[in-house]
Number of protein chains: 4
Amino acid sequence: MKKSEKTKKKIIESAIKLISQYGYAATTTAQIAKEAGISEATLFKYFKDKETLLREVINIALIQIINFVALSPLKENIKKSKDLKASEFLRTIINERLELLDKNFDLLKIILIEIQYNDSLKKEVTKVMVPKFCKTKGLVEKILMRKTDISKSMAKGITRLVIGTLLTFLYQKYILGLEMSNEEVKEEIENVLNVIKKSIEEE
Amino acid sequence: MKKSEKTKKKIIESAIKLISQYGYAATTTAQIAKEAGISEATLFKYFKDKETLLREVINIALIQIINFVALSPLKENIKKSKDLKASEFLRTIINERLELLDKNFDLLKIILIEIQYNDSLKKEVTKVMVPKFCKTKGLVEKILMRKTDISKSMAKGITRLVIGTLLTFLYQKYILGLEMSNEEVKEEIENVLNVIKKSIEEE
Amino acid sequence: MKKSEKTKKKIIESAIKLISQYGYAATTTAQIAKEAGISEATLFKYFKDKETLLREVINIALIQIINFVALSPLKENIKKSKDLKASEFLRTIINERLELLDKNFDLLKIILIEIQYNDSLKKEVTKVMVPKFCKTKGLVEKILMRKTDISKSMAKGITRLVIGTLLTFLYQKYILGLEMSNEEVKEEIENVLNVIKKSIEEE
Amino acid sequence: MKKSEKTKKKIIESAIKLISQYGYAATTTAQIAKEAGISEATLFKYFKDKETLLREVINIALIQIINFVALSPLKENIKKSKDLKASEFLRTIINERLELLDKNFDLLKIILIEIQYNDSLKKEVTKVMVPKFCKTKGLVEKILMRKTDISKSMAKGITRLVIGTLLTFLYQKYILGLEMSNEEVKEEIENVLNVIKKSIEEE
DNA sequence: GATGAATGAGGGTTCATTCAT
DNA sequence: TATGAATGAACCCTCATTCAT
């Protein structure tokens with residue numbers, strides 16, 4: 001990697017770290033430059049203003065999240081999951097999604113919070129994320145229907161419940177900061193899966 | 001109401017409006033004062049600094065949310081719901097909760113975002129909210145078990161699914177800004193309830 | 001004393017206390033009002049502005065200092081000192097002056113410092129104090145010459161040395177905050193008086 | 001000298017000028033910046049806050065005063081004064097000290113006034129100045145005893161009188177603003193020296 | 001006569017941004 | 001290219017002062 005690319009990467013990493021910690025408005029360009037080990041003047045050579053840096057961060061976040069959180073691994077799942085029961089398929093999805101959220105939470109946090117305060121950002125983000133998200137959602141629904149003989153609306157309901165479950169864990173851990181042991185998380189997931197299993201008469 | 005009380009109320013209302021719109025760090029005391037129709041000097045007569053104003057807002061938000069969102073109306077529900085089927089009870093809960101979230105979203109948004117950036121605030125908020133929340137959750141579980149003959153862990157799973165569903169709607173509408181028609185919301189809720197109904201063999 | 005006079009007195013006392021402690025510029029009208037147990041609005045009913053209050057304080061300080069520090073007790077001394085030796089006369093003067101400085105230091109401090117920053121004040125103060133001071137000085141010189149047979153210029157030298165001695169103690173104690181025990185002070189005074197005694201061949 | 005050093009020096013000089021003229025509390029950072037020909041923002045790049053700037057000024061003042069006022073030139077005096085009579089030695093000291101006070105009065109004034117209002121500053125200053133001062137005082141006493149055959153306590157008395165004399169001139173000229181002609185000053189010094197000469201039977 | 005309530009003007013301080021080197 | 005140096009604009013906050021009650 002060229003030196004200038006390295007510097008740019010360093011700036012973005014620093015920005016991600018600090019913005020996710022303090023929020024965009026409360027993070028200063030001085031802090032970011034210091035964290036990146038460069039001068040403020042240099043920072044502005046790479047990004048014409050603070051807003052541009054934010055957008056770059058958001059872009060990277062979007063790419064990261066879309067590629068890694070939403071889609072790619074799902075494809076793997078689908079192949080691997082050919083012989084799985086529906087509930088096992090969902091368990092795999094939930095667990096993997098949780099793991100991915102874990103690894104990318106800084107980025108996700110920045111996106112979710114900063115789009116609140118920046119309408120053009122919000123439009124951009126939703127324009128990109130929502131279709132990807134819906135596509136993934138549709139895929140899960142289709143697989144569910146293939147694995148069971150439930151109706152479309154049931155499949156939609158279950159998918160929504162899975163999303164809700166993921167969101168709930170996200171909130172508990174990252175927003176409220178409530179730590180749960182792996183055991184507890186597992187138990188809660190099983191509770192949820194039990195409900196779903198019952199509903200699809202899997203057992 | 002005394003004049004000074006009116007002024008204080010006006011300041012707090014303005015703060016809530018602007019902070020929920022722009023975030024605490026990006027909201028200036030000048031903006032708040034202007035919105036409240038007073039001078040900045042007056043604002044600082046009422047609140048010794050910006051941080052104190054935020055805490056007052058958070059306090060009010062906590063009281064509001066705890067009293068109105070979490071508990072009170074639930075009690076009403078329980079009385080009224082004596083003869084309701086489990087699924088009908090859950091539908092009522094979901095709808096009322098959604099309505100309450102709707103009415104109090106500004107405050108909720110401020111709490112959820114600002115505790116990210118202020119540890120002492122986070123501790124304060126979680127110390128107050130989490131127990132109340134768990135209590136409510138436990139209540140719902142108990143009622144569910146009374147109305148059906150499901151196990152404790154099933155009840156827990158269902159309750160969690162309900163919470164997840166609420167969170168998902170919250171996210172879609174307020175965080176992502178995806179407007180849904182009432183029809184769509186109703187349909188989605190029915191999908192979810194159908195899954196749950198199946199799981200408790202209600203029909 | 002009428003209530004309004006009492007209030008005025010209370011304000012001035014509070015002002016003296018606070019201004020001598022923090023300086024005029026750093027003392028706020030809010031502090032003074034609080035210390036006096038009244039509202040700021042009331043303070044401005046008694047003194048049209050902060051500067052006016054300072055001038056009143058200075059006036060009072062001048063009167064107090066001139067009457068009590070500079071002249072009055074000196075007259076007592078002179079009567080009482082008819083039969084004292086010159087050195088004993090000087091010792092009495094030094095001791096009494098030190099005591100008076102002790103009791104009035106707050107006021108003196110305000111005068112000495114604040115005239116630095118306010119030319120019209122300085123003119124006023126010097127116009128009043130300097131003549132009084134010179135008169136007292138002349139008086140001491142005359143008495144010295146009466147009690148000994150030294151020349152005018154010697155008398156002037158001795159008086160100046162006495163003033164210098166007082167100033168030195170003033171500085172040590174109040175400006176530099178160096179506490180000395182009574183013993184030490186006495187010893188130092190005796191050292192000084194010994195020099196003077198030698199010079200007038202008193203022994 | 002580097003540009004940044006120049007700027008820093010300019011700021012400090014401006015601060016000294018203005019603080020000695022108006023006092024610390026009444027001097028604004030805007031004034032200092034303007035006097036230094038820079039923006040306020042630049043001032044705060046060099047000194048993290050107003051208080052820090054004051055301390056730097058005080059530090060410089062302490063160094064200046066200790067090196068140039070208290071000690072260094074005294075050593076020169078001592079060498080040069082080997083063959084001087086005691087009174088001539090004292091005259092030299094007084095005159096040189098007066099000259100040095102003259103050149104450094106701004107700094108001295110700031111120290112003497114501002115330590116009144118800042119306890120930690122007072123401690124710092126007295127901790128540094130007092131020992132140096134006492135050392136110098138002791139030196140003068142020793143020289144006096146070498147040049148004459150007076151007792152220790154006489155030497156102490158004379159030294160104290162010299163200090164008092166300096167203080168008196170300091171007060172008259174700088175605090176009260178009473179200008180004296182060189183003639184008058186000389187005469188007054190001679191008066192004082194005459195008293196001392198008599199006391200040590202120099203003539 | 002006293003005060004609760006309000007504020008314009010200004011204070012110290014920080015910020016994103018620029019530019020000469 | 002990278003940065004040392006600088007800054008206008010804005011921020012949070014305080015102050016002496018006013019005025020209706």
Side-chain angles (χ1 to χ4, degrees), chain A residues 2-4 7-8 24-33 36-54, chain B residues 2-8 11 25-33 36-53, chain C residues 2-4 7-8 24-33 36-54, chain D residues 2-8 11 24-33 36-54:
Chain A
K2 266 200 286 185
K3 198 184 165 202
S4 71
T7 305
K8 191 165 184 178
Y24 171 72
T27 301
T28 68
T29 49
Q31 278 174 58
I32 296 170
I38 55 160
S39 72
E40 268 190 279
T42 302
L43 190 156
F44 282 96
K45 278 270 190 291
Y46 284 83
F47 302 92
K48 90 173 218 295
D49 55 25
K50 199 187 166 193
E51 167 98 16
T52 303
L53 172 54
L54 175 65
Chain B
K2 268 202 299 192
K3 200 180 173 197
S4 70
E5 280 174 33
K6 250 189 202 160
T7 304
K8 189 166 186 178
I11 295 172
T27 302
T28 70
T29 49
Q31 278 173 58
I32 296 172
I38 54 158
S39 72
E40 269 190 277
T42 300
L43 189 158
F44 284 102
K45 277 264 192 280
Y46 284 83
F47 301 93
K48 85 175 221 298
D49 53 27
K50 200 187 165 193
E51 166 99 19
T52 303
L53 174 54
Chain C
K2 267 199 287 186
K3 199 184 163 202
S4 71
T7 305
K8 191 166 185 177
Y24 171 72
T27 302
T28 68
T29 50
Q31 277 173 59
I32 296 171
I38 55 159
S39 73
E40 269 190 278
T42 302
L43 190 156
F44 283 95
K45 277 270 190 292
Y46 284 83
F47 302 93
K48 89 172 219 295
D49 56 24
K50 199 188 167 192
E51 167 98 15
T52 304
L53 173 54
L54 174 64
Chain D
K2 267 202 298 194
K3 199 182 174 197
S4 70
E5 280 174 32
K6 250 189 198 161
T7 305
K8 188 166 186 178
I11 295 172
Y24 171 72
T27 303
T28 69
T29 49
Q31 278 173 58
I32 297 172
I38 54 159
S39 72
E40 270 190 277
T42 300
L43 190 157
F44 284 101
K45 276 266 193 280
Y46 285 83
F47 302 93
K48 88 175 218 297
D49 53 26
K50 200 188 165 193
E51 167 99 18
T52 302
L53 173 54
L54 174 64

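Here the structure is a predicted model, which is why all the values come from computation and not from measurement. Letters go in sequence order (proteins before strands), and every chain restarts at 1.
Comparing C:A26 and D:I38 by the nucleotide of DNA chain F whose heavy atom lies nearest to each, the residue mapping closer to the 5' end is D:I38. Two residues, C:T7 and B:T7, neighbour DNA chain E, and the one matched to the more 5' nucleotide by heavy-atom proximity is C:T7.
For the pair B:K50 and B:F44, the NZ or CZ position fails the cation-pi test of under 6.0 Å to the six-membered ring centre and within 45 degrees of the ring normal.
Put simply, CG on A:L53 is 16 Å from P on E:dC15, counting in whole angstrom units. At whole-Å resolution of the value, NZ in B:K3 and P in E:dT7 are 8 Å apart. Going from atom NZ of B:K2 over to atom P of E:dT3 covers 15 Å, rounded to whole Å. We find that CD1 of B:I11 is positioned 12 Å from P of E:dA5, with the value rounded to whole Å. Straight-line distance from the CD atom of D:E5 to the P atom of F:dG4: 15 Å, rounded to whole Å.
Partners of D:A41 under the side chain to side chain contact (heavy atoms under 4.5 Å, CB included) rule, at least two apart in sequence or in another chain, are D:S39. Among residues two or more places apart in sequence or in another chain, the salt bridge (Lys or Arg N to Asp or Glu O under 4.0 Å) test is passed with A:E51 by A:R55. For C:T7, the side chain to side chain contact (heavy atoms under 4.5 Å, CB included) criterion is met by C:I11, C:I38, C:Y46, not counting sequence neighbours.
Pairs of residues two or more places apart, or lying in two chains, never qualify as salt bridge (Lys or Arg N to Asp or Glu O under 4.0 Å) while including a residue from residues 36-49 of chain A.
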Per-nt protein contacts along nucleotides 16-21 of chain F (heavy atom under 4.0 Å; B base, S backbone sugar-phosphate only, - none) come out as BBBB--

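Counting non-hydrogen atoms under 4.0 angstrom, B:L43 reaches nothing in the nucleic acid. At a threshold of 4.0 angstrom between heavy atoms, the contacts of C:Y46 are confined to the sugar-phosphate backbone, with no base atom among them. Within 4.0 Å (heavy atoms only), D:T42 reaches at least one base atom of the nucleic acid.
A heavy-atom distance below 4.5 Å is not found between the side chains of B:T29 and B:L53.
For the OP1/OP2 pair of E:dA5 and a distance below 4.0 Å, the side-chain nitrogens and oxygens of B:S4 include at least one atom meeting the criterion.
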Treat a base pair as Watson-Crick or G-U wobble with both distances under 3.5 Å, then lay out DNA chain E in dot-bracket form, 5' to 3', with | for cross-strand pairs. .||||||||||||||||||||

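Residue A:F47 holds its CZ atom at 5.0 Å from NZ of A:K8, rounded to the nearest 0.5 Å.
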